[in-house]
Amino acid sequence: MSEQIDQALARKYDAGFVSEIESETFPVGLDEDVIRRLSAIKGEPEWMLEWRLKAYRTWLKQTEPEWAHVDYPKINYQDISYYSAPKSMKDKPKSLDEVDPELLRTYEKLGIPLHEQEMLAGVAVDAVFDSVSVVTTFREKLEEAGVIFCPISEALQKYPDLVKKYLGTVVPRGDNYFAALNSAVFTDGSFVYIPKGVRCPMELSTYFRINEQNTGQFERTLIVADEGSYVSYLEGCTAPQRDENQLHAAVVELVALEGAEIKYSTVQNWYPGDENGKGGIYNFVTKRGLCEKNAKISWTQVETGSAVTWKYPSCILKGDNSVGEFYSVALTRGKQQADTGTKMIHLGKNTKSTIISKGISAGYSNNAYRGLVRMGPGAEGARNFTECDSLLIGDKCGAHTFPYIESSNPSAIVEHEATTSKVSDDQLFLCQQRGLDPEKAVSMIVNGFCKEVFRELPMEFAVEAGKLLEISLEGSVG
Amino acid sequence: MSQWLAHVIERAAAVDDWLSPVRAEALAKLKEQTWPGRRTEAWRYTSLHAVEDLSLATESSVQAEAPAIAGLDALDLVFVDGRLTTPLADLDLPEGLTIRALTDKSEAAEHVFTKVKPSHHLFGLVNDVLATQGVVIDVAQDAVIERPIRVVNFASDNVESHTRVLVSLGKNAKATVIEHGSGTGHSLNTAFAEYDIANEARLEHYRFALHQGDAIHVGGSHFKLANKSRLNSTLIGYGSQLTRLDVDIIHAGEHAHAKFNNAYLLAPKEHFDLHSTIEHAMPNGTTEENARGIIGDKAKAVFNGRIHIHRDAQKTLAELNNRNLLLSRGAQINTKPELEIYADDVQCAHGATVAEIDEEALYYLLTRGINKQMALVMLNFGFVQELVFDMPNKALADWLQPILKQRFEDMMERS
Amino acid sequence: MLTIKDLHARVEEKTIIKGLNLEIKPGEVHAIMGPNGAGKSTLGYVLSGREGYEVEQGEVTFNGANLLEMEVEERAQAGLFLAFQYPVEIPGVSNMEFMKESVNAMRKARGEDELSSAEFLKKAKAACKQVNLPLDFLKRGVNEGFSGGEKKRNEIMQLIMLEPKLAILDESDSGLDVDALQVVANGVNSQRDGKRSFIVVTHYQRLLDFIEPDYVHILAQGKIVKSGGPELAKEVEASGYAWLGQAQEGEEA
Ligand SMILES: Nc1ncnc2c1ncn2[C@@H]1O[C@H](COP(=O)(O)OP(=O)(O)O)[C@@H](O)[C@H]1O
Ligand SMILES: [Mg+2]
């Protein structure tokens, strides 16, 4: 029986191809000069360079975190190139027609046609290739609504005050080892600003692609939703199949001002390495949002890729009545390792948070949920509900749950539940007896297990997520 | 490096008895330990500042009696400041039960000492090297010892002491052991107990860690369960300046069953930290753990409940439930129920709540005319009291219930 | 004693009681019958003031007071008792401390002195005996691990102890064998003193053979659709509720 399950899960990595694109890539190594050069190429304001250098100096004093339930060889940070951009991007293309056709083909192959007319209506895309943003679509339409959606490098030039006001306010420069590194060397990423009271007219999305060898990707995303506004943002990522590990250390900061709502969805499909654990992306990401009064931030993630994942999208519920949500599906197989979860920091009164985490482990993988729920002394009447379920497929993998609960307010209510289960032979037998092949049966069971999370994904992504897990979203296991 | 620990290491060199070779191993491990700080996961929420440079007398001549418990006819073994004051030769022991001092060489001691307790407990290692006056309780195969054995561990003032209890339960044996600790003075007591429970043996166990005030109490109870053995353990803890307990329950055989209930009631400003680890190393084991805490004003409770299912431990059933109640704004709970699972055909669950109230139960009480405040008191204390009711020994339950109720009412008043 | 006028009430978003009228005088016994899901239990919850059960419209007076304005415990202290269809288990709170607290709350409300422990114990023992529950029940958690029948008897024991003015018995007979039924009925009958009133919710004529009602009402779809004397119950027993002319939900509500 378990052989059949393995087969069902042994999907190929479809995004593993390499694009033949001429690039300008820094030699490997990191020092202050590299940061200066990088900042110069980007034409950044002086304060930005200073900010980066300060982050770098903090990073030098920090040590790589070792508390996560993951195990990987020490990274040599001098063996990584900190900047790589397609040559054709040197003079930034003004429109899609000027973009290198090979680049466009890359995105088409990934199922993300950048030509607006071909695109799923209603989704604006920013595509980041190695270290730079190649194109952002639907910009005019967004501008009409007053929405700013552009590469962060561009925002630094066009809206330096806005960026300066919010950058590092949610994830401080020296927040942790990887965030400090990112702050020093981030190359590109998206910047979003939704003005007061505006409901962003379409879904925004960014696709990240690592192509070049030996490069790290350090993107930085900053989303500011001004008072009473709303935005839904999606993020996808892929990388070629390579034998060596590549580092991806991103930072995402969300600011939801009074009454604003940000919905942030991720489908993470970085190259996970081969079945023997060779190659794959190290996905060490810091994501955090800040909620002012009555604001809401909702993180949804479907994590299927990366060799090692270290990621805790979090919410600081500072304002009264603010709401944080975290919905996660993490699937690990082969030799993948994931240590992921969230932090909900309740500071304001009547703040609410919900955490639904579904971990699926197969093969020789290890999958850990790590979460923190903190009720501060001022979190009067706050509530949290957490549900963490793990599904084990096979007896060589591991599923772990490490929830930290800290409360110092007597009126705050916290509820945490965790269970583990397996795809049982009985379940499989029942499905087969009803005429389903085992592959389909496993898909259905896994899909049923993840239902609560998939429901939170925007339509387009739900389909993609379903495909990623080789799960048809149609059938649901009752 | 802590002055205190440096001193411990110095003193350890002077200990010379028949266990010296084993103590030497522990000392080597102790020397490798770094003094825990905030980044040490096992001490994340508990500061050892009060111990770091502590310097207390290492001997005392205080005398104390075992506290009487109505209706309890127990065999009392009394430790005062780490000194065994009960003359073992005078004990009238039932057949099948042997009690020796740790100073006397015995097979049972050899078999159990440091063999059950995991060696990563810093203070456990301290106890390994310094506890010379322990007791060794040896229950023969098939022996059923009806009379509970109580180890009283009293810490007086201005003294540092180390208490060790070793228990060996032979095949199909049955016994009840109570570890009864107390003390309010400025003292440091480490108290570690190891239980080796053979095939089909049954242990009923209680640990009352009732240290209060300035007492610093660090200890552990560690159990190794062989095939088809059973453990029913209840731990009741107060906080004190610093109370830290580690409980390890190791399923080393198949089809073992462990039930572990624990409750902590923290008066204002007290600190209590309980780390429990359930290791399922073999198949078909079951564990049920209930942990419940009520935390008074400016008190801090730490609960870490780990369930670790090893690769071979298929068909394990393990459940942990932790519930907490804070009585005021200054009270704090840090709880971390953990699951670490490497076998797929198992059923494991944990839950943790803070301040959850069963609305249906509340409604039921209200429909009987009980006002809301009183109903909440009843329910809140009720969830700890439930564990008291659950204790198999009724004399102990009847003794504890009013004591805990009084403590709870005092806590309510002062919070 | 109790007057319900045009009562409408809902649970969550669903209106369940839809224009219910009922008048109960001291000493009367009213039986309420009706199909599953008719709203019988809901009526008990609304009258006792359960959270989440919202009155949309109508009036309820209880001995001259506006019942709907009172808190749950105030209603109880005013003499309204509800014997639950499914009594909740409260492990950790002993029957003894629970009943003592409750009895004394009632006595206080009536302006009587609290009972001493000895007096209370005497009374509790007598009540236990009356409903045929062993004494060690007093030491156990409220309803904890009780069988269905024991739970029902425990409710009747509370009725005896608390001496309410109006008792609502929600299916106190369901799941009982004949002997247990007799115990419950005897318990109830012992409390009929010409002043105390009862609302007896049941599916079966059987109970009404033991506790003879003055009136029988049929509750369907949130309303009393028919009222009559004891003969109405016999009619229902014989022909069911089909004559109500609507599809009935099969499941237990
Ligand atoms: N909490 C609730 N939420 C929604 N509907 C409910 C709830 N409780 C009861 N109901 C519905 O109210 C109706 C009446 O239930 P109930 O009063 O229990 O019926 P009865 O006691 O007459 O069998 C049923 O349709 C039931 O499904
Ligand atoms: Mg009903």
Most contacts with chain A, counted as non-hydrogen pairs under 4.5 angstrom, among [options]:
{"options": "B:N322, B:I333, B:N321, B:N324", "result": "B:I333"}
{"options": "B:T335, B:D345, B:I357", "result": "B:T335"}
{"options": "B:A343, B:P337, B:A331, B:G351", "result": "B:P337"}
{"options": "B:V346, B:L339, B:L326", "result": "B:L339"}

Query - A:D389 portion near chain B, given a 4.5 angstrom heavy-atom threshold - result: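 Neither; nothing under 4.5 Å.
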
Report summary line: Under 4.5 Å to a heavy atom of chain B? For A:E387 that would be neither

Report task. Specify the closest pair of heavy atoms between A:A412 and B:A355, including all atoms of both residues, with the distance to one decimal. Result ->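 Of all heavy-atom pairs spanning A:A412 and B:A355, the closest is O-CB, 3.2 Å.
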
Heavy-atom count check: over 12 atoms from other residues, nucleotides or ligands less than 6.0 Å from [X] [atom1]?
{"X": "B:H49", "atom1": "NE2", "result": "no"}
{"X": "A:K349", "atom1": "NZ", "result": "no"}
{"X": "A:F385", "atom1": "CZ", "result": "yes"}
{"X": "B:Q347", "atom1": "CD", "result": "no"}
{"X": "A:K422", "atom1": "NZ", "result": "yes"}

Report the distance from atom [atom1] of [X] to atom [atom2] of [Y], rounding to the nearest 0.5 Å.
{"X": "B:E338", "Y": "A:Y404", "atom1": "CD", "atom2": "OH", "answer": "6.5 Å"}
{"X": "B:Y342", "Y": "A:K396", "atom1": "OH", "atom2": "NZ", "answer": "14.5 Å"}
{"X": "B:E319", "Y": "A:T419", "atom1": "CD", "atom2": "OG1", "answer": "10.5 Å"}

Query - B:I341 backbone acceptor or donor facing A:H400 side chain under 3.5 Å - result: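 Checked: pair present.
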
Query raised in the report: Any sub-3.5 Å donor-acceptor pair from B:R329's side-chain atoms to A:P377's backbone N or O?
Result: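 Yes, B:R329 side chain to A:P377 backbone: donor-acceptor pair under 3.5 Å.
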
Query raised in the report: Stepwise, does the side-chain contact (heavy atoms from CB on, under 4.5 Å) test hold for A:I413 with B:T353?
Result: CA-CA 7 Å; A:I413 299 178; B:T353 63; over 6 Å; no

Set of residues satisfying salt bridge (charged side-chain N to carboxylate O under 4.0 Å, His left out) with respect to [X], sequence neighbours excluded:
{"X": "B:D390", "answer": "B:K259"}
{"X": "A:E64", "answer": "none"}
{"X": "B:R323", "answer": "none"}

**Report entry** Full working for side-chain contact (heavy atoms from CB on, under 4.5 Å) between B:R39 and A:W67
**Finding:** CA-CA 9 Å; B:R39 284 172 185 272; A:W67 41 259; over 6 Å; no

Tell me, for [X] versus chain A, whether the close heavy atoms (under 4.5 Å) come from the side chain, the backbone, both or neither.
{"X": "B:S328", "answer": "backbone"}
{"X": "B:L327", "answer": "backbone"}
{"X": "B:E340", "answer": "both"}
{"X": "B:A352", "answer": "both"}

Query raised in the report: Using a cut-off of under 4.5 Å for heavy-atom pairs, which of A:G371, A:S390, A:P403 has the most such pairs with chain B?
Result: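 Result: the option with the highest number of such pairs is A:P403.
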
Report task. Applying side-chain contact (heavy atoms from CB on, under 4.5 Å), run through A:I405 and B:V354 and close with a yes or a no. Result -> CA-CA 9 Å; A:I405 300 165; B:V354 183; 4.1 Å; yes

**Report entry** Intermediate values then yes/no, salt bridge (Lys or Arg N to Asp or Glu O under 4.0 Å), A:R383 and B:E356
**Finding:** CA-CA 10 Å; A:R383 280 206 82 137; B:E356 251 291 298; 3.2 Å; yes

Report task. Dump the intermediate steps for side-chain contact (heavy atoms from CB on, under 4.5 Å) on A:T401 and B:H350, then the final yes or no. Result -> CA-CA 9 Å; A:T401 316; B:H350 69 214; 3.9 Å; yes

Query raised in the report: Which residues in residues 292-317 of chain B have any heavy atom lying under 4.5 Å from a heavy atom of chain A?
Result: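 Within residues 292-317 of chain B, near chain A: B:R311, B:Q314.
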
